Number of protein chains: 2
Amino acid sequence: MGTREDLIEVATRLLDNGGVPAVTLREVGRLAGVSHNAPYKHFADKQALLAAVAARDLERHSMLIQQAVRRKRSAKAALSEAMGRYIAWALEYPERFRLVFGRWTTESPELTAAAETAQAGLVGLVEAAQASGALPAGDPVRLASLVRSVAHGAADLAATGHLSATGKGHAGPEQLVDDLLTYLETAAT
Amino acid sequence: MGTREDLIEVATRLLDNGGVPAVTLREVGRLAGVSHNAPYKHFADKQALLAAVAARDLERHSMLIQQAVRRKRSAKAALSEAMGRYIAWALEYPERFRLVFGRWTTESPELTAAAETAQAGLVGLVEAAQASGALPAGDPVRLASLVRSVAHGAADLAATGHLSATGKGHAGPEQLVDDLLTYLETAAT
DNA sequence: ACCTGAACACCGTTCAAGT
DNA sequence: ACCTGAACACCGTTCAAGT
């Protein structure tokens with residue numbers, strides 16, 4: 001129905017194959033059944049369309065993570081599950097992941113808002129885990145940044161093939177996050 | 001002298017401002033004082049030129065890290081210094097960093113080789129730190145992946161402005177790495 | 001071996017015009 | 001309000017030709 005939604009959907013599909021260079025406004029218009037510059041009636045420029053794609057994907061995955069977290073009983077399991085979903089996102093849709101956490105020259109309010117909401121949710125999980133004794137005391141924001149950095153770094157390195165070099169020491173991103181959580185739990189006691 | 005070296009140098013300069021989209025072969029040729037398609041005599045295509053830029057930067061920073069590490073006395077200080085340089089690289093030249101650790105469709109042997117050398121050096125630092133009691137026992141490759149994931153994730157998030165820059169809980173990438181090393185040290189005893 | 005100029009197919013963006 | 005077609009300046013890549 002909405003041409004605007006169609007454009008975002010088509011752009012996301014093109015992004016998944018081929019990456020950002022494959023998202024040409026002409027191809028987006030063509031696949032959406034409009035002229036090659038109809039997108040300019042809905043988005044200021046290509047960057048704005050990509051920002052809409054990124055914001056939409058970030059919101060969607062934040063919701064998926066929140067839903068999965070609610071099903072968990074322990075705070076530690078919830079935190080592990082949240083990071084696991086974060087990593088799965090990066091591995092399944094690496095181009096979207098790289099886009100969302102890429103370098104934005106033009107600021108997108110909806111993208112910033114979605115990122116802040118996701119960050120706040122993670123801090124809440126960390127606070128709950130601290131209260132249950134699964135994480136050491138200390139500034140929860142700082143601890144949340146540490147946990148997310150491991151998840152983000154491991155996911156990014158894995159998605160770009162810079163982590164999974166073969167050999168006996170090979171550990172997947174989820175394992176590395178769980179390693180961290182285990183070390184933190186021993187440090188908490 | 002060498003046109004090939006000039007092309008790499010010019011491309012790096014263009015990359016630092018404007019990112020990958022600003023690296024056009026026509027502008028590279030123009031700034032290097034050759035025709036707009038002379039680069040094709042030295043590189044198969046644009047991707048190959050970018051791979052040469054990335055490999056060169058990775059080798060250079062690996063050397064810088066190794067030099068800095070040799071000046072340190074304790075294994076823990078060396079490891080912290082290495083990760084600090086890694087982070088400084090990401091923050092000072094974010095476009096090069098994103099390029100080096102980006103998604104490569106075409107494989108570049110020299111880039112792969114440089115990455116493996118850097119990884120091996122990090123594992124060596126981790127083993128030394130384990131021997132000195134600063135890090136817990138266990139597979140050094142896996143532990144190195146954990147340390148590098150924090151450094152990589154924190155650096156990438158900071159370079160892209162996604163690491164909660166404001167607020168009391170604000171912690172820089174270096175702090176997060178040191179937080180991890182401290183937790184690991186307590187877990188080692 | 002290295003470089004040039006013309007050419008082709010493409011792309012982002014703008015503009016005047018249409019309903 | 002939304003869309004179209006033509007147009008402009010650009011870009012990656014190829015090719016025939018030059019030294």
Side-chain angles (χ1 to χ4, degrees), chain A residues 1-56 95-96 98-100 102-108 110-111, chain B residues 1-56 95-96 98-100 102-108 110-111:
Chain A
M1 305 222 161
T3 302
R4 188 190 147 93
E5 283 304 308
D6 289 348
L7 294 172
I8 294 179
E9 210 161 303
V10 167
T12 302
R13 200 160 68 235
L14 288 173
L15 175 69
D16 284 338
N17 346 353
V20 171
V23 184
T24 68
L25 290 183
R26 297 174 117 96
E27 187 70 0
V28 167
R30 205 182 63 79
L31 291 178
V34 293
S35 79
H36 71 279
N37 48 15
Y40 283 94
K41 308 305 163 184
H42 300 272
F43 303 98
D45 53 13
K46 182 178 176 176
Q47 188 82 193
L49 171 58
L50 289 174
V53 169
R56 196 184 191 232
E95 295 292 350
R96 304 187 197 179
R98 292 278 291 187
L99 177 68
V100 166
R103 294 169 53 79
W104 292 96
T105 93
T106 160
E107 293 297 320
S108 158
E110 50 181 345
L111 187 53
Chain B
M1 301 229 159
T3 302
R4 189 190 146 94
E5 284 302 310
D6 289 349
L7 294 172
I8 294 179
E9 209 162 304
V10 167
T12 303
R13 201 161 67 236
L14 287 173
L15 175 68
D16 285 338
N17 343 354
V20 171
V23 184
T24 69
L25 290 182
R26 297 174 116 95
E27 186 72 359
V28 167
R30 204 182 63 79
L31 291 179
V34 293
S35 80
H36 71 281
N37 47 13
Y40 284 94
K41 308 306 165 183
H42 301 271
F43 303 97
D45 52 13
K46 181 177 174 176
Q47 190 82 193
L49 171 59
L50 288 174
V53 168
R56 194 182 192 235
E95 296 292 350
R96 303 187 198 180
R98 293 279 287 185
L99 177 68
V100 167
R103 294 169 54 75
W104 293 96
T105 95
T106 163
E107 293 298 320
S108 160
E110 50 181 344
L111 187 53

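Computed from a prediction, not measured in an experiment: that's the story for all the values here. Computed from heavy atoms alone, side chains included, the values below leave out hydrogens, waters and symmetry copies. Chain letters run A, B, ... following the sequence lines, proteins first, then strands; residues in each count from 1.
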Is the distance from OP1 or OP2 of dC3(D) to the nearest side-chain N or O of His42(A) less than 4.0 Å? yes
Distance in angstrom units between Asp45(B) CG and dC10(C) C1', rounded: 16 Å
Within the 4.0 Å heavy-atom criterion, would you say Val28(A) contacts the bases, only the backbone, or no part of the nucleic acid? nothing
Output for pair (His42(A) NE2, Thr3(A) OG1), nearest 0.5 Å, gives 4.5 Å
So does Thr3(B) get a side-chain nitrogen or oxygen closer than 4.0 Å to the phosphate oxygens (OP1/OP2) of dC3(C)? yes
Rounded distance (nearest 0.5 Å) linking atom CD of Glu110(A) with atom CZ of Arg56(A): 11.0 Å
Range-with-range stems for DNA chain D, at least three Watson-Crick or G-U pairs under 3.5 Å: C:4-8 with D:12-16, C:12-16 with D:4-8
Say you draw a straight line from CZ of Phe43(B) to CZ of Arg4(B); how long is it, rounded to the nearest 0.5 Å? 4.0 Å
Can you measure Phe43(B) atom CZ to dG12(D) atom P for me and round it to whole angstrom units? 14 Å
Interatomic distance, OH@Tyr40(B) vs CG@Leu25(B), rounded to 0.5 Å, equals 5.0 Å
Given dT13(D), dT13(C), dC3(D), which nucleotide is nearest the side-chain atoms of Leu25(A)? dT13(C)
Output the distance between atom CG (Leu50(B)) and atom CG (Leu111(B)), rounded to the nearest 0.5 Å. 11.0 Å
Polar-atom pairs under 3.5 Å, protein N or O versus N or O of nucleotides 4-8 of chain C: list them with distances, or write none.
from, atom 1, to, atom 2, distance (Å)
dT4(C), OP2, Ser35(B), N, 2.4
dT4(C), OP2, Ser35(B), OG, 2.8
dG5(C), O6, Asn37(B), ND2, 2.3
dA6(C), N6, His36(B), NE2, 3.4
dA6(C), N6, Asn37(B), ND2, 3.1

d(OH, Tyr40(B); P, dC11(D)) in whole Å: 12 Å
Can you name the closest pair of heavy atoms from Ala32(B) and Leu7(B) and give their distance? CB-CD2, 3.8 Å
Within the 4.5 Å heavy-atom criterion, are Val53(A) and Arg96(A) side-chain neighbours or not? no
Atom CZ of Arg30(A) and atom P of dC11(C): how far apart are they, to the nearest Å? 10 Å
Distance check needed: dC2(D) P versus Asp6(A) CG, whole Å only. 14 Å
Rounded to the nearest angstrom, tell me the gap between atom CD in Glu27(B) and atom P in dC10(D). 11 Å
What distance do Asp16(A) atom CG and Arg13(A) atom CZ have between them, rounded to the nearest 0.5 Å? 10.0 Å
Nearest whole angstrom, please: distance from the C1' of dC11(D) to the NZ of Lys46(B). 8 Å
In short, salt bridge (Lys or Arg N to Asp or Glu O under 4.0 Å) pairs touching residues 26-36 of chain A with sequence neighbours left out are Glu27(A)-Arg30(A)
